[in-house]
Amino acid sequence: MKLQKATRFALYSVLECAREPDRPVSATEIAEKYEVSIHHLSKVLRELGRAGILEAARGVGGGYRFKGNPRRLTLMDVIALFEDISSRSGAGREPGSRTEVGRALGVVLEEIDEIAKATFRSITIDTMLKLIERSQRPALQK
Amino acid sequence: MNRVRDVAVRVRQVLQGDLEEVIALDAQVTGLKKPEYWAELYHRYGMGRRRERQFLVAEGARGIEGFVIGEVRDWEFGSPACGWVFGINVRPGRRQAGIGSQLLEAICEGFRSLGVTKVRTLLARDNNLVLSFFRAQGMMAAPFIPLEMELGQ
């Protein structure tokens, strides 16, 4: 499973903002931390704003605030704003995919994608924040 | 966070007198009333004869608000002893109030007391509600792949 750049930038942005929901996080801050293009990131942030997941806070110290429900919003909800992974491995689109070998390979790829989609649907932003916290613990203990 | 205020419950072992409420709760969620199935589960898991088998309920002021069933199994799928959660449910109007977490914690405590250090469960891929619940409790994908096939005539 490989996500497009915009989707990854969106997930980074949503999670950065959700970590500190009371503090506006600037686009520059996110762009620098994740080493991504500010131009590309700005488009992604606008899309997240239109979807009601982030809210732009203007003025000095402005940026983006998380506006979603972290216990309800899933990774799939964010991903679906930027790409359609629901029918990615459908047969008949790639060269050779209509052959008997291609169709059999399609069945295997679809199985893998179905598991990936179930994973994205079952992980909320709140769960991701807990996962981030847990993954930081060993580093803090060093 | 849109979280319902935590509901005070007491998690305890199921009693025969709880079965009617458990059956009704299950029927409310699944749409199917299965008294024989629940009587059998009570017989196997709920009578406290074997410590590795657990059937717990969350009792609140208005009655049974949820239940959890599981057991410790040795060498299941080649794995050393671990706890398995087979079923967990909370009354729909009482969800997001910490009852499921208390039930899971109670059954995990029972598993720990038997010396196991891991808990597992198995769910349908499209059961987003319960999958999300277990994910929120910290569960990650296990190193197993469930497989099946149609049995021809």
Side-chain angles (χ1 to χ4, degrees), chain A residues 1 11 14-15 17-23 52-55 65-80 85-89 104 107-138 140, chain B residues 1-7 29 66 68 77 84-105 108 112 117-150 152:
Chain A
M1 173 60 65
L11 291 170
V14 169
L15 288 162
C17 294
R19 288 175 91 170
E20 296 180 84
D22 298 327
R23 182 178 77 85
I53 295 171
L54 299 184
E55 178 186 59
R65 279 201 191 91
F66 181 71
K67 289 298 290 177
N69 179 345
R71 291 168 64 87
R72 285 279 174 252
L73 188 72
T74 66
L75 295 182
M76 184 62 109
D77 293 330
V78 177
I79 292 167
I85 64 168
S86 61
S87 55
R88 181 175 281 178
S89 55
V107 169
V108 174
L109 295 177
E110 195 164 324
E111 181 180 307
I112 294 166
D113 273 1
E114 284 304 318
I115 295 169
K117 283 183 265 177
T119 302
F120 288 138
R121 278 195 302 265
S122 70
I123 298 183
T124 63
I125 297 304
D126 191 55
T127 298
M128 279 301 289
L129 296 179
K130 288 179 190 164
L131 195 57
I132 294 166
E133 203 183 307
R134 281 206 305 274
S135 68
Q136 279 179 322
R137 274 183 214 148
L140 291 173
Chain B
M1 288 220 182
N2 289 2
R3 187 183 167 96
V4 176
R5 198 157 42 147
D6 280 8
V7 173
V29 175
V68 64
F77 309 116
W84 280 88
V85 174
F86 301 133
I88 188 164
N89 230 321
V90 172
R91 191 177 301 288
R94 296 294 203 171
R95 288 177 183 164
Q96 296 279 302
I99 297 173
S101 302
Q102 288 183 65
L103 283 163
L104 186 65
E105 181 48 37
C108 286
R112 277 188 212 103
T117 57
K118 207 176 273 292
V119 60
R120 295 192 171 114
T121 192
L122 185 66
L123 289 157
R125 225 157 33 201
D126 60 357
N127 191 347
N128 290 335
L129 183 75
V130 185
L131 266 174
S132 297
F133 165 74
F134 281 118
R135 290 286 198 180
Q137 304 300 313
M139 280 200 177
M140 301 295 286
F144 300 99
I145 298 179
L147 299 173
E148 66 174 20
M149 70 174 182
E150 298 295 332

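Every chain is numbered from 1, with letters handed out A, B, ... down the list of sequences.
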Exercise. Can you tell me how far CZ of A:R71 sits from CD of B:Q96, rounded to the nearest 0.5 angstrom?
Worked result: 4.5 Å
Exercise. At a heavy-atom separation under 4.5 Å, does A:L131 approach chain B through its side chain, its backbone, both, or neither?
Worked result: side chain
Exercise. Going by residue number, which parts of residues 129-136 of chain B are within reach of chain A, meaning a heavy-atom gap below 4.5 Å?
Worked result: B:L131, B:S132, B:R135, B:A136
Exercise. Got more than 12 heavy atoms from elsewhere within 6.0 Å of NZ, B:K118?
Worked result: no
For this session: Give, for atom NZ of A:K117 and atom CG of B:D126, the distance between the pair rounded to the nearest 0.5 Å.
Result: 12.5 Å
Exercise. Under a 4.5 Å heavy-atom cut-off, does chain B meet the side chain of A:T74, its backbone, both or neither?
Worked result: neither
For this session: Please name the pair of heavy atoms, one in B:M140 and one in A:R134, separated by the smallest distance, quoted to 0.1 Å.
Result: SD-NH2, 4.3 Å
